[in-house]
Amino acid sequence: GKMETAKIATNILRRMLKRCHQNDSNPFPTTKTFNITMNAWAKSGHRSSGIEAERIFEVMEEWSRQVRSYTSSAFHCIPDERSTTAVLNAWVNSRHKEAPERAHAFFEKMLAMGNDTQTNVVASNIVIQSWATSGRGRAAALKAEEVLRSIEQETKDENRPDVLSYAKVLYAWAQCEKLEGAGDASKRATEILELMLSMKEIGLKVEPNVYCFTTCISSWAKCKGVPE
């Protein structure tokens with residue numbers, strides 16, 4: 001299965017690293033080498049895939065530090081945004097009960113490092129999705145919106161929320177409404193939709209698409225009553 005192929009890829013990477021430690025004339029793993037291995041775990045969907053991918057990420061960071069001192073090859077082995085998304089996807093695709101928390105914690109760790117080459121809106125959206133699809137109702141919707149609010153403060157366009165970011169948060173509130181049925185979640189979803197429309201008016205590229213409108217409508221359809 002896919003878990004076995006991820007294990008094989010990891011073992012080959014370990015052998016490659018061992019050879020480099022023994023003789024620095026041997027081929028050095030690059031960023032792509034590590035990213036492919038982490039993506040193998042992300043695709044496996046195994047419960048341990050997030051743990052394994054994050055472990056490889058840490059090995060990558062340590063390897064980069066070790067090699068940087070004596071060769072320029074380290075500059076081809078620095079974690080990038082694909083490295084981050086590989087780890088996040090591994091957590092989201094796993095069946096680990098703490099996947100949303102672990103993905104969110106890893107994302108915040110990358111943000112705290114202050115290196116925006118390792119995070120972008122794609123990474124943010126994966127974390128939002130992990131909460132939106134967790135089935136945890138209001139708590140998950142609030143966490144999804146927390147991520148959204150944090151990236152709204154970004155100054156670079158590639159890091160700011162896009163339509164998909166808002167769409168995933170709308171989905172989180174719709175799922176909350178499905179569980180609660182009191183109308184509060186639908187009201188919040190509508191407020192977010194209105195916000196998107198107002199931002200479009202001032203030139204921001206977050207015009208709601210048909211999915212956004214449909215998600216908001218479906219949220220009200222799940223409602224058992226209109227909140228006061």
Side-chain angles (χ1 to χ4, degrees), residues 1-7 9-11 13-14 34-62 79-116 118-154 159 161 164-180 185 188-189 192 215:
K2 290 185 178 180
M3 185 188 72
E4 293 303 317
T5 60
K7 284 183 178 179
T10 303
N11 287 335
L13 174 62
R14 286 173 179 160
F34 282 93
N35 287 354
I36 290 172
T37 309
M38 290 186 287
N39 274 315
W41 281 107
K43 293 175 182 176
S44 75
H46 190 265
R47 186 179 181 278
S48 65
S49 60
I51 296 170
E52 296 295 339
E54 194 164 340
R55 187 175 293 155
I56 293 168
F57 186 94
E58 291 169 355
V59 171
M60 182 184 187
E61 288 183 310
E62 178 58 30
D80 59 14
E81 69 276 4
R82 292 184 180 182
S83 312
T84 301
T85 56
V87 175
L88 293 174
N89 276 323
W91 277 116
V92 173
N93 295 340
S94 74
R95 296 186 290 273
H96 197 286
K97 63 180 181 180
E98 296 179 357
E101 287 89 349
R102 298 292 290 269
H104 199 158
F106 180 78
F107 176 70
E108 289 190 330
K109 175 185 173 183
M110 294 299 101
L111 290 178
M113 290 172 65
N115 188 349
D116 59 11
Q118 293 182 31
T119 56
N120 55 23
V121 70
V122 176
S124 307
N125 288 348
I126 295 171
V127 180
I128 293 172
Q129 178 185 345
S130 72
W131 285 114
T133 58
S134 67
R136 299 189 196 175
R138 181 171 294 273
L142 288 170
K143 282 291 186 180
E145 192 166 338
E146 177 185 316
V147 178
L148 178 68
R149 298 302 167 217
S150 70
I151 61 173
E152 281 180 334
Q153 309 306 314
E154 293 286 345
N159 293 341
L164 190 58
S165 311
Y166 289 94
K168 290 179 183 294
V169 173
L170 286 171
Y171 178 80
W173 282 112
Q175 291 301 104
C176 175
E177 189 62 66
K178 185 177 180 180
L179 292 174
E180 296 182 358
R188 184 61 192 140
I192 293 170
T215 302

Specify the closest pair of heavy atoms between [X] and [Y], including all atoms of both residues, with the distance to one decimal.
X	Y	result
L148	S165	CD1-CB, 3.9 Å
G135	L179	O-CD1, 4.0 Å
S83	N35	OG-OD1, 2.6 Å
H96	R47	CB-O, 3.8 Å
A86	A42	O-CB, 3.7 Å
R138	A185	NH2-N, 4.1 Å

| message | Between K143 and E146 (salt bridge meaning N to carboxylate O under 4.0 Å), is one present in this structure? | response | yes
Rounded to the nearest 0.5 Å, how far does [atom2] of [Y] lie from [atom1] of [X]?
X	Y	atom1	atom2	answer
I192	T215	CD1	OG1	11.0 Å
T84	E81	OG1	CD	7.5 Å
L111	N159	CG	CG	8.5 Å
Q175	L170	CD	CG	12.0 Å
R82	N120	CZ	CG	10.5 Å
S130	F107	OG	CZ	10.5 Å

Could you tell me if the side chain of [Y] sits less than 4.5 Å from the side chain of [X], heavy atoms only?
X	Y	answer
W41	S94	no
M38	V87	yes
H46	K7	no

Donor-acceptor contacts, no H, no angles, side chain residues 51-59, under 3.5 Å, sequence neighbours left out:
unit_1: E52; atom_1: OE2; unit_2: R55; atom_2: NH1; d: 3.3
unit_1: E54; atom_1: OE1; unit_2: W91; atom_2: NE1; d: 2.9

| Residues forming a side-chain hydrogen bond (donor to acceptor under 3.5 Å, both in side chains) with H104, sequence neighbours excluded | E108, W131
| field | CA sep, side-chain torsions, deciding dist, call: F34, N39, side chain to side chain contact (heavy atoms under 4.5 Å, CB included) | value | CA-CA 9 Å; F34 282 93; N39 274 315; over 6 Å; no
